[in-house]
Amino acid sequence: MTDTRLIGRLRQILSDVAPELDVAAIPDEADLRNDIGIDSMDFLNFVIGISKQLSVAIPEADYGKITTLAKCADYIGRSKTVAG
Amino acid sequence: MIDFRMPSLGADMEKGTVVEWLKKPGDAIARGDVVAVVETQKGAFEIEVFDAGVLREILVAVGNQAPVGAVLARIESIGAGVPVGAEVPPPAPPSPTRAPPVALKPPPAAPSGERLRISPAAARRALELGVDARGLRGTGPQGAITIADVEGAAPKPSEAPTPPRRGFDPSAMRQAIAAAMARSKREIPHYYLSLPIDMARSLEWMSAENARRDVEHRLLPAVLLLKASALALRQVPQLNGFWIDGAPRLSQAIHVGWAISLRGGGLMAPAIRDADRLSLDQAMAALRDLVTRARTARLRGSEMMDPTVTVTSLGERGAESVLGVIYPPQLAIVGFGAARPSPAVVEGRFAVRPLVHATLSGDHRASDGETGGRLLAAIDRLLQTPEAL
């Protein structure tokens, strides 16, 4: 199940990190690092943006679980559920 | 009286266009003030002076082009020091030519006969808001378009398009890189060395460190490579500096030009100043700031002029190694490939370790392979004790 509103917010965070990207054109299932050209600094800034705006701190060990916008939304959805 | 000259923001720059004066005649200038914005093939840069004084005369008006070394303005000095660009030998007498009209990249539309009067801040806002500034009536001095004019013309938030990307002209950037790299290969007899470095200790230390840090203070492997390279150059200073007038000129300060690739093509290597003296946290903050500003065209001219060496890291997903081309007139470029689990021999046994191929391209006029080899060995040693970086 994919939360389209959450994905929209993730797109906005990604756009803040990489304003020169056309984030609207990034497919939900695209690999941000391999397909979109997000580098490790952008990715860290993306994770920081998620922490600030969505109050979800993603441990480095879980970076492999948030490689696409869809996976990232699922991950955040689950951590919010667990957190109550 | 001090001549404020068009600075050389790299070996590839021949001329620049003044797109803004931030000071006017009679204004007091403090050391480090940005006085002008200059547009080059690599985008717009803020130009500072390193001297206190009073701006007396502007010789090259906004919108005009001038060669490197041309006097842009005269400053009456009230202190010792050197303005940016003063070290550049003056070439042929300045002959400013009329430049193409605007600093911002307008969308294709009706050609405009006269130059657009708009401040870079307003131009930036126009780009952000997706407003074609050329259609606007300016209410500022001499009809200049102000931020308020731009904002007044912007579509309401609900109908605002995605902000267009502020950036650079990829074909001009390509030309600039072509000129610098062709010069490098024409003039510099490169030698190349490489050394696989076991990153296990560094990466384990960093993972443990990051696990106990909050998100905003996490480190990246790049910062360890940066710091190790800078500290190694302290031990092997023969590779830090420039080749000028047929002789090496070594630099005491270690200003690492960090290669940053720009989306849409192109490359810059602005300076992380005194990288050997920064803590890892400071270096991380400097790196993040530099990457962000490089990609949003907000670098200072001095950051392009300062590097005494270049370091290029391909990141975790790139190629295994890079044999870099030296950025003239520098003496060396250090390269790092992607860290990959690879077979290695550790204490006489095969083991799988994360190896990074470190490389060095050195100017053979200034140093020999033996010296270069010592630099790579020093980087290796430093990365085995990451907690000491």
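These numbers come from the heavy atoms of this one structure, side chains and all, not from hydrogens, waters or symmetry mates. Residue numbers start from 1 in every chain, and the chains themselves are labelled A, B, ... in the order their sequence lines are given, proteins ahead of strands. The structure presented is a predicted model; accordingly, all values stated were derived computationally and were not measured.
- There is no contact between S261(B) and chain A, counting heavy-atom distances below 4.5 Å.
- Among residue pairs with one or both ends in residues 50-59 of chain A, none qualify as side-chain hydrogen bond (donor to acceptor under 3.5 Å, both in side chains); sequence neighbours excluded.
- With a threshold of 4.5 angstrom between heavy atoms, I260(B) does not approach chain A through any atom at all.
- Minimum interatomic distance between Q384(B) and D380(B) (heavy atoms only, all atoms of both residues): NE2-OD1, 2.9 Å.
- Residues of residues 208-217 of chain B placed with any heavy atom under 4.5 Å of a heavy atom in chain A are listed by number as N210(B), V215(B), E216(B).
- Listed by first then second residue, pairs satisfying ring pair (Phe, Tyr, Trp, His ring centres under 6.0 Å) with a partner in residues 36-62 of chain A read F43(A)-Y63(A), not counting sequence neighbours.
- Considering every non-hydrogen atom in both I254(B) and A230(B), the closest pair reads CD1-O, 3.4 Å.
- The backbone N or O of L383(B) lies less than 3.5 Å from a partner atom in the side chain of S202(B), making a donor-acceptor pair.
- Here the closest heavy-atom approach between residue I36(A) and residue L32(A) is recorded as CB-O, 3.3 Å.
- The main-chain N or O of G337(B) is never found under 3.5 Å from a side-chain atom of S321(B) such that the two would form a donor-acceptor pair.
- Against chain A, the residues from residues 271-289 of chain B that qualify, each with a non-hydrogen atom under 4.5 angstrom away, are M284(B), L287(B), R288(B) in number order.
- Rounded to the nearest 0.5 Å, atoms SG (C72(A)) and CG (D28(A)) are 11.5 Å apart.
- Annotation for K42(B) and L267(B): closest pair NZ-O, 3.5 Å, computed over non-hydrogen atoms.
- Minimum interatomic distance between R263(B) and D42(A) (heavy atoms only, all atoms of both residues): NH1-OD2, 2.8 Å.
- Most heavy-atom pairs under 4.5 Å with chain B, from the set V17(A), I48(A), I58(A), L44(A): that is I48(A).
- When heavy atoms are compared at a cutoff of 4.5 Å, I50(A) does not approach chain B at all.
- Nearest heavy-atom pair, A269(B) versus T310(B), reported as atom, atom and distance to 0.1 Å: CB-CG2, 4.1 Å.
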